[in-house]
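Read through the structure below, which is laid out as structure tokens, and then see the notes.
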Amino acid sequence: MTENRFDPSSADGRWQRAWDDAGTFTANSDSDKPKSYILEMFPYPSGRIHMGHVRNYTMGDVLARYKKMQGHEVLHPMGWDAFGMPAENAAMEKKVHPGAWTRSNIEAMKEQLQRIGFALDWTREFATCDPEYYGHEQALFLDMYAGGLVYRRSSEVNWDPVDMTVLANEQVIDGKGWRSGAEVEKRKLDQWFLKITDFADELLDGLGDLKDWPDKVRLMQENWIGKSQGLEFSFELSNGAQLPVYTTRPDTIFGASFCAIAADHPIAQELADNPAAAAFIEECKRGGTTAAELETAEKLGFDTGITARHPFTGEAMPVFIANFVLMDYGTGAVMGVPGHDQRDFEFATKYDLPIVRVVASDVAQADAPMGSEAESGDGVIVNSDFLDGKSVDEAKAEIIARAESGGWGEGTTVWRLRDWGISRQRYWGTPIPFIHCPKCDIVPVPKDQLPVTLPDDVDFETPGNPLERHPTWKHTTCPQCGGAAERETDTLDTFTNSSWYFLRFASQPADAPFDPAEIAKWMPVQHYIGGIEHAILHLLYARFWTRALSHIGKFDVKEPFAALFTQGMVTHETYRVGDGPWLSPAEVKIEGEKAFTLDGGDEVERGRVVKMSKSKKNVVDPDNIIANYGADAVRWFMLSDSPPERDLPWSESGIEGCYRFVQRLWRLFGQYDAAASGEDKALLRKAHQAVVAVAEDIEALGFNKAVARIYELAAAAEKAAPSESRNFAIRAILHLIAPMMPHLAEEAHAVMGETALIADAAWPAHDPALLVEDEVTIAVQHKGKLRDTLTVPKGASKDTLEALALGSEKVQRSLDGAEVRKVIVVPDRLVNIVT
RNA sequence: GCGGGUGUGGCGGAAUGGUAGACGCCGGGGACUUAAAAUCCCCUGAUCUUUUGAUCGUGUGGGUUCGAUUCCCACCACCCGCACCA
């Protein structure tokens with residue numbers, strides 16, 4: 001090695017081309033090696049790769065390269081989640097076509113990804129806005145329709161009257177459209193839905209099999225699905241009608257003292273000609289929906305004058321319209337049991353309704369007065385006629401049994417999960433492949449007419465959905481009767497695009513969405529890596545699509561992602577002068593504890609360390625960093641220090657440290673001396689231990705620990721004198737870093753005279769005999785403190801250790817003549833002397 | 001409000017019942033150099049002590065144990081998710 005510095009600016013590109021030319025990372029599904037499908041959540045082509053992407057894809061890349069070294073056939077693909085609103089926003093602001101904007105972003109971002117040297121199979125790349133992709137999606141959608149999983153019904157949307165468009169909930173800010181600032185209206189539109197609720201039970205039960213998912217994500221999904229079991233029954237009302245209610249606490253039925261219905265409940269709507277009732281209903285609708293407002297919102301009600309007859313006591317209970325009852329959960333009506341439900345308690349207190357105890361800690365406490373809040377805990381039923389003395393669970397079962405045998409109610413399961421509304425009144429998405437015919441109603445587009453492609457000549461100058469306004473696009477003929485008809489102008493929610501892309505990566509026939517034989521080879525994804533922000537929607541939808549497609553016979557896969565990993569964010573300090581605009585790190589110079597602007601020299605306030613974001617301007621552009629330090633230093637930084645599930649604070653000194661280490665390794669590799677001889681048992685042992693430990697760390701995604709071990713082995717190898725053992729250690733390090741710093745590894749590998757790519761090399765073998773030490777250090781404690789350490793042969797007997805420990809001068813000094821009452825010896829670990 | 005998580009040097013963190021602070025960053029000292037960069041070596045939790053060393057120390061307070069960062073109970077702080085779900 002003549003040059004003693006590693007030059008990423010020449011090496012990185014050279015090796016990237018070498019991998020590309022050799023097709024090193026092209027997955028071969030016919031291989032008989034064990035298969036590993038490693039996937040990171042594909043990016044939205046916003047324009048630039050950011051550090052969060054780099055961290056995400058580096059982790060996946062290390063796994064992919066490592067698995068390959070372990071002899072697996074690896075599928076590690078990349079593509080683009082390319083439909084979505086930002087493209088339409090760009091179209092409006094910059095007067096560019098959403099497609100053109102998206103395509104150029106993809107091109108730029110692909111180049112950025114390639115500069116980082118990711119081991120990706122680019123032959124399988126696609127964008128969800130490719131007509132082939134969304135055409136197959138339309139076919140799958142039609143199959144799901146045929147399978148009874150798609151339906152249409154009228155549903156409320158947020159309507160922006162100025163932009164003439166439907167807004168997503170996140171686009172409604174304080175009740176106003178985010179762009180127009182206009183007061184948002186509720187409108188009823190006919191919308192398409194997917195029957196995800198048919199799978200609620202399966203999706204919930206399936207979570208139990210996802211052992212390699214974070215508990216947190218499983219729990220979030222569980223809560224989102226929100227299964228609850230109870231009783232649905234009807235009260236007879238004084239006006240002759242029936243009022244169905246749902247309760248999870250049928251055991252407390254004798255404590256009911258009122259009924260409450262939602263403001264948009266049909267019974268409430270019937271009262272709308274009463275001005276006082278109408279005014280109250282109006283007030284309920286106006287109520288804010290922010291967290292703070294809900295928390296402080298007072299329970300309010302309107303007495304309808306109607307009464308409900310208690311099924312057991314026959315008592316007449318008032319029926320209120322109440323602001324805390326939701327129409328879209330249960331039946332939109334509840335029985336109020338103030339003693340044992342906090343909301344009911346507050347309501348009853350305000351309106352002076354009876355608060356009866358029906359659950360107590362024991363029977364003797366039946367008449368204990370209620371406190372200042374409801375008691376929702378367990379106990380024994382009291383003041384409840386035939387239920388008295390039963391446990392809560394027994395009483396629940398008893399009431400449900402009586403309701404069912406008496407025919408006035410039944411045990412029911414209620415879900416929080418709603419069907420998935422997938423209609424979007426937007427241009428840049430998958431057209432929903434249906435035709436509205438005046439004669440034949442709704443007709444699916446015949447499969448041989450797919451894809452239904454988006455028109456290119458669209459206009460974003462006028463408000464509203466461009467597909468709706470397009471002069472010709474929607475006009476077509478009915479496939480059934482041949483008469484004039486109109487295309488559906490709604491497009492699919494972009495979450496549908498990401499609900500099956502992993503299947504398309506695994507196999508890409510031209511004439512079908514996927515090939516079941518290929519799916520069987522690759523699925524499920526072995527490691528799926530992405531941000532926690534997708535813990536609920538994306539992951540639930542992808543699980544649902546996989547089950548739905550299995551259900552209609554497309555293949556046999558229950559869960560798409562065997563293991564899920566949610567990585568932390570990349571964070572950075574924030575900067576601003578007083579209340580001024582945020583400053584980017586490039587606009588600030590740090591001097592000791594303080595920071596100043598580059599130009600004026602004003603002191604800058606160093607703010608909280610938060611996720612890198614455009615709005616706070618605390619971003620660092622990966623391109624600049626790669627240009628300065630090379631891809632390997634950046635990759636190494638992404639893996640070092642912070643555990644991968646936690647946030648990673650970006651620091652300039654950190655990346656410099658990584659760059660120094662790249663150079664340090666380069667010098668170490670340069671010291672490889674094929675002619676060296678002799679054994680260095682300690683170093684050899686360390687190297688073998690590291691080979692095993694780093695592999696374990698990578699498999700557990702403990703990249704920060706793997707990094708630390710490599711530092712340790714490198715330091716030991718640097719200090720050692722040349723020997724065969726040292727050569728082994730150096731070659732071991734070269735292979736251990738290959739998944740993490742692949743360019744450096746290839747370059748050094750080549751300089752050592754190897755002609756093959758290290759990307760194709762095997763993980764180093766280890767000698768199990770060298771994993772165990774023959775000497776161990778024993779800690780000697782007295783009074784819970786370390787007093788001395790002993791170096792002894794491994795496996796020394798308890799008696800030997802005890803004698804050695806008591807013989808220690810330091811121990812004797814600490815004992816100071818005290819009587820030894822007990823000696824605890826843990827072989828190969830420690831001796832603890834108790835006095 | 002409900003659910004979950006986190007809390008260890010100046011900073012990121014390691015150790016999940018057995019030597020607390022591995023490894024990295026920052027900082028200090030030194031070597032090499034005409035000088036600088038680069039590189040290498042040493043020190044680096046706190047307090048006391050000339051040294052040997054001693055004491056304290058993993059958010060706080062208790063408990064279990066020969067031994068607790070680790071297990072249990074209570075509390076505090078911060079973060080995340082859901083949110084009037086009957």
Side-chain angles (χ1 to χ4, degrees), chain A residues 4-5 214-224 226-228 230-231 245-249 252 260 262 287 289-291 293-295 297-299 322-326 328-337 340-344 346-347 376 414-416 532-533 535-536 571 592-593 609 636-637 640-643 645-658 660-661 663-664 667 702 704-712 714-715 718-719 777-790 810 813-814 821-826 828-835:
Chain A
N4 69 349
R5 290 185 76 74
D215 292 344
K216 182 190 171 104
V217 175
R218 287 203 307 237
L219 198 72
M220 282 164 75
Q221 293 217 349
E222 192 181 315
N223 291 339
W224 187 261
K227 182 178 188 172
S228 91
L231 172 69
V245 298
Y246 170 73
T247 178
T248 55
R249 293 295 303 273
T252 62
T289 50
T290 66
E293 280 170 310
L294 281 178
E295 206 164 317
E298 197 184 357
K299 304 282 176 285
N323 65 345
F324 65 92
V325 181
L326 304 174
D328 61 357
Y329 185 81
T331 60
V334 299
M335 67 170 189
V337 183
H340 306 283
D341 180 282
Q342 185 58 25
R343 290 157 307 178
D344 297 349
E346 288 170 29
F347 191 81
S376 54
V414 168
W415 305 87
R416 188 185 169 281
I532 186 75
E533 67 272 21
I536 298 176
T571 59
E593 296 285 289
V609 178
W636 189 249
F637 183 93
S640 306
D641 294 354
S642 288
E645 68 278 9
R646 285 206 220 165
D647 289 351
L648 172 68
W650 175 266
S651 81
E652 198 66 28
S653 51
I655 185 73
E656 279 166 15
C658 292
R660 277 201 297 274
F661 188 59
Q663 299 301 341
R664 229 175 101 190
R667 288 190 298 274
N704 56 322
K705 294 183 213 172
V707 161
R709 287 185 204 282
I710 291 171
Y711 272 114
E712 276 180 275
E718 283 168 339
K719 288 193 178 79
T777 306
I778 306 285
V780 184
Q781 295 182 337
H782 172 227
K783 287 196 231 165
K785 294 266 178 294
L786 181 73
R787 302 297 162 177
D788 199 2
T789 56
L790 308 169
K810 287 176 182 171
R813 204 185 317 144
S814 175
R821 289 195 295 143
K822 199 172 172 187
V823 178
I824 287 152
V825 181
V826 183
D828 295 336
R829 291 224 88 127
L830 62 63
V831 179
N832 191 4
I833 298 160
V834 186
T835 53

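A, B, ... follow the sequence lines: proteins, then strands. Residue 1 opens every chain.
A:N704 comes within 4.0 angstrom of sugar-phosphate atoms only, judged by non-hydrogen atoms across all strands, and of no base.
Considering only residues two or more places apart in sequence or on other chains, A:E645 meets the side chain to side chain donor-acceptor pair (under 3.5 Å) condition with none of them. Shown here are the side chain to side chain donor-acceptor pair (under 3.5 Å) partners of A:D788, two or more places apart in sequence or in another chain: A:S808.
Looking at heavy atoms from C-beta onward, A:V707 lies in side-chain contact with A:W636 at the 4.5 angstrom threshold.
Spacing of P atoms, B:G10 relative to B:G21, comes out at 16 Å, to the nearest Å. Between B:G12 and B:G27, the two C1' atoms lie 16 Å apart (nearest whole Å).
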Original post:
Starting at the 5' end of RNA chain B, what dot-bracket string do you get if Watson-Crick and G-U pairs under 3.5 Å are bracketed, crossing pairs use [ ], other-strand pairs use | and unpaired bases use dots?
Top reply: (((((((..(((.....[....))).(((((.......))))).((((....))))..(((((..]....))))))))))))....
**OP:** Tell me, with the steps shown, if A:R343 and A:K299 meet side-chain contact (heavy atoms from CB on, under 4.5 Å).
**Re:** CA-CA 7 Å; A:R343 290 157 307 178; A:K299 304 282 176 285; 3.5 Å; yes
Give me the distances for all protein-to-nucleotides 39-48 of chain B N/O pairs that come in under 3.5 Å?
{"from": "B:U39", "atom 1": "O3'", "to": "A:R667", "atom 2": "NH2", "distance (Å)": "3.2"}

Protein-nucleotides 17-20 of chain B N/O pairs under 3.5 Å:
{"from": "B:G18", "atom 1": "O2'", "to": "A:R829", "atom 2": "NE", "distance (Å)": "3.2"}
{"from": "B:G18", "atom 1": "N2", "to": "A:N832", "atom 2": "ND2", "distance (Å)": "3.3"}

Could you list, one pair per line, each protein nitrogen or oxygen that sits under 3.5 Å from a nitrogen or oxygen of nucleotides 10-12 of chain B, together with the distance?
{"from": "B:G12", "atom 1": "O2'", "to": "A:S642", "atom 2": "OG", "distance (Å)": "2.7"}
{"from": "B:G12", "atom 1": "N2", "to": "A:D641", "atom 2": "OD1", "distance (Å)": "3.1"}

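Side-chain atoms of A:R416 come within 3.5 Å of backbone atoms of A:W224 as a donor-acceptor pair (strictly under, hydrogens ignored).
Look at A:K705 and you'll find a side-chain N or O under 4.0 angstrom from OP1 or OP2 of B:A15.
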